[in-house]
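These numbers come from a predicted model, not from an experiment. Here, residue 1 is the first one in the sequence, and each next residue gets the next number.
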Amino acid sequence: MKIKAGTWLLFVLLAVFGLGVWCRLEYPRFSFLEFPFDKQKAISTSEDYLRSRGVNAEIYSRAAVFGSDEGFNRYFQHARGIKAEEEFIKRYDYDLFYWLVRYFKESQKEEYLLYLSPRNGKVVKFLHLIKDTEPRPDLGKRFAQEKAEGFLRDSFGADLDSYDFHEEKIRRYENRVEYVFSWEKKGVYIPWKGGGGGKLLTEVTVSGDQVREFTRNKFDLPEGFTRYVQEQLVLGEYLYHIFYFIVFLLLAFSISIVLKKRQEILPRITKNWFYGLAGFLIIINTAGFFNNLESILIHYPTSAHLGSFLGLSFIKWMFNIGFLALGLILPGIAGETLCGEVFPEKQGISFISYLKTGFLNRAFSGSVILGYLIWLVMLGMQAVIFYYGQEFLGVWREWQVTAYFSSSYIPLFGAFVIAVSASLNEEIFFRLFGISLVKKYLNNFIFAILLTSLIWGLGHTMYAIFPVWFRVVEITMIGVFYGVIFIRFGIIPLIVAHYLFDVFWCSAVYLLGRGNPSLFYVSLGLLGWPLIFATAGYFLNIIKRERPVRQMLGPVQKFNLEVLKAFIAARKSAGINPAEAAEELRRNNWDYLLVKLAVEEFLKAWEENKVDNLP
């Protein structure tokens, strides 16, 4: 699709402005992030720590994942804002992120969980899980409290004079008694609008003569806020299931359309393309399962057999991948067919034009570059939406995406998988198929864009942005912008922009924070690889010669072509011009490409005076 110079200039200016807005409003959120302590260092330090306690870590299975304290993060953003959260973290040496290393044995309850700071590698939380029936000597509460206080001084240099005694608990088991002590940091109280407030605690559990659990910094959330979060999570899940119901209905529509039009020209041309895309998604997502294995093992219940647990997890994963593939193939084929019908004057907005002429040309190159500009515009647009949401509507965001992709064996491979999968599936389903479907039946492309954007917004209510309704509004606004881009510039710029948007947010902490340099360069590579195709397309500019439509016809289409030509001739004899006859055929769901070919051949024959019974 040829883009005018004035349009390029407009998008360049908008992209520069969007990037500037993002840097002004969003970059400070990443400026304090520091992760010099990587996964291998966390594992090595945890093994040394267990060795100091007389534990041989080598006899245990192990899983290590990256995580974040979302309770603290949610509360502070909501109650005080991001800037106050950053100041609190620095003042009280609080760890928003952590490495969790788990040591366990199959079918045995005993295990060790160590939480380490990614800033300095210190163990900031420790749990030693043992059987309820395991015996330990009861040395009394006074001994236990002295043990806990001494541990805090020796391990963290804690000044207990700066704490108030908060709580003590006694847990009585069959063969032992455990004592839990917690202290509250003086002068730290973050009030909640609904009553109560957040407190900074430190906690130690003593079992016998050992410290069995400890937490250096524990942010105690008020009950009112916890209930509010639960309300939001339930609402988000409710809206998400409504979304899933709508998706199943749309998928059913796509199945019906594909079955009905399977003999038409466009489905026959494009089906192998969508089969190939789906196969690619299956391959990378299957690899993603094994790449993300440690995030699965971290939740393994040792009461079950490990093989059964992993097998069940893999089956669930493959079921989701199968649905992902079907959600691309069927809406893709149906979307190509509908798009050609409802937007006959915009042949370049779907895949078919690239499938005919190839991808290594300047038209494709321009679409990729436009995708980069749209991505930058989107960053600025989202930054403004979040700024007003956080300033006036109590919006907060979480770091779950960062934690999830940091836990993989190859961290940024997970970012690549989710970005490719989301950009292909969502743009094909909601833009190519969704907009075309609504436009066909309601004959209003503005309503089609609004409706599909709203449905798309509902599909993001399980994500880490709250309140839930704001997430729907944010994604709907983005969806409207995407819909306009699709109608004007086509599917390729959207897929590129969507991919870049997701990769950026999955790797932003490596790009903007202080951490592993190699991951910084890999992040740049993931953002830059579409430029390879753009560059190759620009310089090679290979334009395949389009096969004439007649050469693509099968026996059924050839027979139908003659039927259509005869119909057009009959209507012409009745005084109805071919264009009106063609519109009548399209209204009766004839293949619009076949109708177009029939009209072209009829008119050519008319001009050459080769049609029988012409007046």
Side-chain angles (χ1 to χ4, degrees), residues 42 45-55 57 67 69 71-72 88-89 91-104 109-189 197-222:
T45 301
S46 65
E47 290 176 349
D48 291 341
Y49 186 84
L50 289 179
R51 195 175 298 115
S52 71
R53 296 177 65 100
V55 179
D69 188 344
F72 167 82
F88 183 94
I89 289 171
R91 180 176 181 182
Y92 296 103
D93 197 25
Y94 195 93
D95 285 290
L96 176 58
F97 298 94
Y98 56 80
W99 284 106
L100 166 59
V101 187
R102 181 191 186 194
Y103 294 87
F104 63 94
K109 182 174 180 179
E110 184 178 30
E111 63 178 86
Y112 298 88
L113 295 102
L114 295 89
Y115 294 74
L116 297 95
S117 168
R119 297 179 296 114
N120 51 40
K122 292 182 179 179
V123 179
V124 295
K125 183 177 179 180
F126 172 82
L127 293 90
H128 177 200
L129 305 184
I130 57 178
K131 292 181 179 179
D132 288 353
T133 56
E134 180 169 328
R136 293 282 175 89
D138 181 8
L139 301 178
K141 186 180 74 171
R142 183 174 180 178
F143 170 86
Q145 185 169 347
E146 291 175 352
K147 178 77 175 180
E149 291 173 351
F151 173 82
L152 291 175
R153 293 191 190 96
D154 296 341
S155 299
F156 303 115
D159 177 14
L160 293 180
D161 290 336
S162 64
Y163 288 83
D164 289 322
F165 191 78
H166 179 73
E167 185 181 31
E168 66 176 48
K169 299 177 185 176
I170 299 177
R171 299 173 181 164
R172 297 188 181 276
Y173 297 89
E174 187 172 338
N175 297 312
R176 70 178 186 273
V177 177
E178 293 187 345
Y179 300 91
V180 183
F181 305 97
S182 61
W183 290 263
E184 178 182 336
K185 187 72 173 179
K186 292 180 180 178
V188 177
Y189 185 80
K199 306 167 187 176
L200 183 61
L201 308 179
T202 187
E203 187 173 276
V204 179
T205 298
V206 177
S207 181
D209 61 350
Q210 294 182 348
V211 173
R212 191 175 67 79
E213 296 180 7
F214 69 82
T215 303
R216 182 194 175 202
N217 280 325
K218 175 183 177 181
F219 196 79
D220 186 47
L221 300 171

*Do the charged groups of Asp95 and Lys125 touch, with an N to O distance under 4.0 Å?*
no
*Determine whether more than 12 heavy atoms belonging to other residues, nucleotides or ligands lie under 6.0 Å from atom NZ of Lys185.*
yes
*Between Phe181 and Tyr179, how do the two ring planes meet: parallel, tilted or perpendicular, split at 30° and 60°?*
parallel
*Rounded to the nearest 0.5 Å, what separation is found between the CG atom of Asp69 and the NZ atom of Lys218?*
11.0 Å
*In chain order, what residues pass the side-chain hydrogen bond (donor to acceptor under 3.5 Å, both in side chains) check against Arg176, with sequence neighbours excluded?*
Glu178
_Give me the atom names and distance for the closest heavy-atom approach of Gly140 to Asp138._
N-OD1, 3.1 Å
*Would a 4.5 Å heavy-atom cut-off, applied to side chains only, mark Thr202 and Ser182 as touching?*
no
_Working to the nearest 0.5 angstrom, can you tell me the gap between Glu184 CD and Glu167 CD?_
10.5 Å
*Flag the pair Leu201 / Asn217 as yes when at least one side-chain heavy-atom distance between them is below 4.5 Å, and no otherwise.*
no
_Heavy-atom closest pair, residues Val101 and Tyr103_ = CG1-CE1, 3.4 Å
*asked:* For a quick test of reading the model, state the closest non-hydrogen atom pair linking Gly187 to Tyr92 and the distance between them.
replied: O-OH, 4.4 Å
*When rounded to the nearest 0.5 angstrom, what distance separates OH in Tyr49 from NZ in Lys122?*
12.5 Å
_If you define the side chain from C-beta out and look only at heavy atoms, does anything of Arg102 sit under 4.5 Å from Glu111?_
yes
*Do you know the tightest heavy-atom contact between Tyr173 and Asp132?*
CB-O, 3.5 Å
*Looking only at heavy atoms, what is the nearest atom pair of Arg212 and Arg171, with distance?*
NH2-NH1, 3.8 Å
_Interatomic distance, Leu200 atom CG to His166 atom NE2 [nearest 0.5 angstrom]_ = 11.0 Å
_Let me confirm one number: the CG-CD distance from Leu114 to Glu47, rounded to the nearest 0.5 Å._
10.5 Å
*Is any side-chain N of the basic residue among Arg136 and Asp209 closer than 4.0 Å to the acidic one's carboxylate O?*
no
*Evaluate the ring planes of Phe214 and Phe126, with Trp represented by its six-membered ring, and classify them as parallel (under 30°), tilted (30 to 60°) or perpendicular (over 60°).*
parallel
*Please work out whether the ring planes of Tyr112 and His128 are parallel, tilted or perpendicular, with thresholds of 30° and 60°.*
parallel
_side chain to side chain contact (heavy atoms under 4.5 Å, CB included) between Leu100 and Leu113, worked out_ = CA-CA 7 Å; Leu100 166 59; Leu113 295 102; 4.0 Å; yes
*Do Thr45 side-chain atoms and Ala42 backbone N/O form a donor-acceptor pair below 3.5 Å?*
no
*What distance do Leu96 atom CG and Ile89 atom CD1 have between them, rounded to the nearest 0.5 Å?*
4.5 Å
*Do Leu221 and Phe72 come close enough that some side-chain heavy atom pair is under 4.5 Å?*
no
*Compare all side-chain heavy atoms of Val211 with those of Thr205 and state whether any distance is below 4.5 angstrom.*
no
*asked:* If you apply the rule side chain to side chain contact (heavy atoms under 4.5 Å, CB included), what do you find for Val204 with Leu152, and how did you get there?
replied: CA-CA 8 Å; Val204 179; Leu152 291 175; 3.8 Å; yes
*How far apart are the C-alpha atoms of Lys141 and Glu168, what are their side-chain angles, what is the distance that settles it, and do they pass the side chain to side chain contact (heavy atoms under 4.5 Å, CB included) test?*
CA-CA 10 Å; Lys141 186 180 74 171; Glu168 66 176 48; 3.1 Å; yes
_Working for side chain to side chain contact (heavy atoms under 4.5 Å, CB included), residues Leu127 and Tyr115_ = CA-CA 9 Å; Leu127 293 90; Tyr115 294 74; 3.7 Å; yes
*Kindly indicate whether the side chain of Glu203, heavy atoms from C-beta on, has any atom under 4.5 Å from the side chain of Arg216.*
no
*Could you pull out the closest heavy-atom pair between Asp161 and Lys186, with the gap in Å?*
O-NZ, 2.8 Å
*Show the numbers, then the answer: is there a side chain to side chain donor-acceptor pair (under 3.5 Å) between Ser117 and Asn120?*
CA-CA 6 Å; Ser117 168; Asn120 51 40; 3.3 Å; yes
*asked:* Between Arg153 and Leu160, is there a side-chain heavy-atom distance shorter than 4.5 Å?
replied: yes
_Salt-bridge criterion met for Asp93 and Arg119 (N-O under 4.0 Å)_ = yes
*Mind checking whether Phe104 and Glu110 have side chains closer than 4.5 Å, heavy atoms only?*
no
*Can you sort out the partners of Tyr189 under side-chain contact (heavy atoms from CB on, under 4.5 Å), two or more places apart, ordered by chain and number?*
Pro191, Lys199
